[in-house]
Protein chains: 2
Amino acid sequence: MNYSRQRELILKIVQSDMSHPTVDAVYQALRKEIPNVSLATVYRNLNLLAENGDIRKIESLDGTAHFDFNTGNHYHFICINCNKVYDIPCDVAPDVVKKAEELSGSHIISHDLTFQGICHECLKLKKN
Amino acid sequence: MNYSRQRELILKIVQSDMSHPTVDAVYQALRKEIPNVSLATVYRNLNLLAENGDIRKIESLDGTAHFDFNTGNHYHFICINCNKVYDIPCDVAPDVVKKAEELSGSHIISHDLTFQGICHECLKLKKN
DNA sequence: ACCAAAATCAATAATGATTACTATTATTGT
DNA sequence: ACAATAATAGTAATCATTATTGATTTTGGT
């Protein structure tokens, strides 16, 4: 992995962006370095990097994918007002996989916990 | 709400289907009663019924929406082998909203917890 | 019962995100 | 350096969903 200039840059862009960027945000950032890069390249490499475990893919409710350099176990909060994505630590739901496996009899490979609501920034603005 | 034949049938179809049907599955079922029904009608009414709280919309990872007649608080497990959707009771993650609100300072309106893995049916088949 | 206003419909076009395809270019092992 | 392999740019195609439009149905008031 990671032997093309495009792929290396895409990984670096995601890893230096705390804002859980969308495909298009990565594309716009990459175009500053490689102006004629193809959008298909961005899609292909983001998905490859996610499959490879270098980054994580987040599916949000509006039907667009976001990408997260933090591959550790944690959850997300998406503000329905400003669309920003925040991290939520995994200890809000301790032992959730073990409990779900016991109840369902299944083998759980992954899970996603996503909250929607109004973030504290937007709450402040609404009070004014 | 619910004064058109189409809308009533759509609600009935979802309410009598335990399998968390997709838009297309509802469309196919509805066509048996109203052969010339429009797909747009199914989309519009499923979304209206979900907004109204009569049914619940589930966004799955493959980019298609599923609909659930059970509007009570519960979670979902999706088998990556057979794509079936199973229910998981909400007590796998007690107080998760309260904890997440405290940690994030936000106002949480909704949350989704979805597990992916191999269901117990497919596990049985693989052992043979 | 009648009629105007509002809601809903069918049919289809448009949209937006994503994936597939193809010919070309870059990278790798020998 | 050279052949084999992989990745790319550019573009077309796909798929789920939403918007549009003009016709039809339902509703609420008289």
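We name chains A, B, ... by the order of the sequence lines, and we start the count at 1 in each one.
- Between the CG atom of B:Leu48 and the P atom of C:dA6 there is a distance of 18 Å, given to the nearest Å.
- Contact between the side-chain N/O atoms of B:Ser4 and the OP1/OP2 oxygens of D:dT25 is not found at any separation under 4.0 Å.
- Legend: residues meeting ring pair (Phe, Tyr, Trp, His ring centres under 6.0 Å) with A:His20, ordered by chain and number and at least two apart, are A:His76.
- Regarding A:Leu9, its CG atom lies at a distance of 16 Å from the C1' atom of D:dA9, rounded to whole Å.
- With distances taken from any side-chain atom of A:Tyr43 to the nucleotides D:dA16, D:dT8, C:dA17, the minimum falls on C:dA17.
- Taking side-chain N and O atoms only, A:Gln6 has a distance below 4.0 Å to OP1 or OP2 of D:dA9.
- Minimum interatomic distance between A:Cys79 and A:Cys119 (heavy atoms only, all atoms of both residues): SG-N, 3.4 Å.
- A ring-centre distance under 6.0 Å is found for A:His111 and A:Tyr75.
- Contacts with DNA chain D (heavy atom under 4.0 Å) in residues 17-40 of chain A: A:Asn36, A:Val37, A:Ser38, A:Ala40, listed by number.
- In this structure, B:Arg5 and B:Ala65 both approach DNA chain D, and ranking their closest nucleotides by distance from the 5' end singles out B:Ala65.
- Computed from coordinates, the B:Leu46 CG to D:dA16 P distance equals 15 Å when rounded to whole Å.
- The interatomic distance linking A:Tyr3 (OH) with D:dA4 (C1') rounds to 12 Å, in whole Å.
- The side chain of A:Thr64 has C:dA17 as its nearest neighbour among C:dA17, C:dT27, C:dT8.
- Of the side-chain N and O atoms in A:Asn45, one or more sit less than 4.0 angstrom from OP1 or OP2 of D:dT8.
- Atom-to-atom, CD of A:Glu59 to P of D:dT17 comes out at 13 Å; the value is rounded to the nearest Å.
- Taking side-chain N and O atoms only, A:Arg44 has no distance below 4.0 Å to OP1 or OP2 of D:dA7.
- With rounding to the nearest 0.5 Å, the separation of CG in B:Leu39 from CG in B:Asp24 is 7.0 Å.
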Would you please test B:Asn47 and B:Lys57 for side chain to side chain contact (heavy atoms under 4.5 Å, CB included) and show each step? CA-CA 8 Å; B:Asn47 284 326; B:Lys57 188 176 187 175; 2.9 Å; yes
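- Note: A:Asp17 CG to A:Ile55 CD1 = 11.0 Å, rounded to the nearest 0.5 Å.
- Side-chain atoms of B:Ser16 come within 3.5 Å of backbone N or O of B:Lys12 as a donor-acceptor pair.
- Contact between the side-chain N/O atoms of A:Asn47 and the OP1/OP2 oxygens of C:dT18 is not found at any separation under 4.0 Å.
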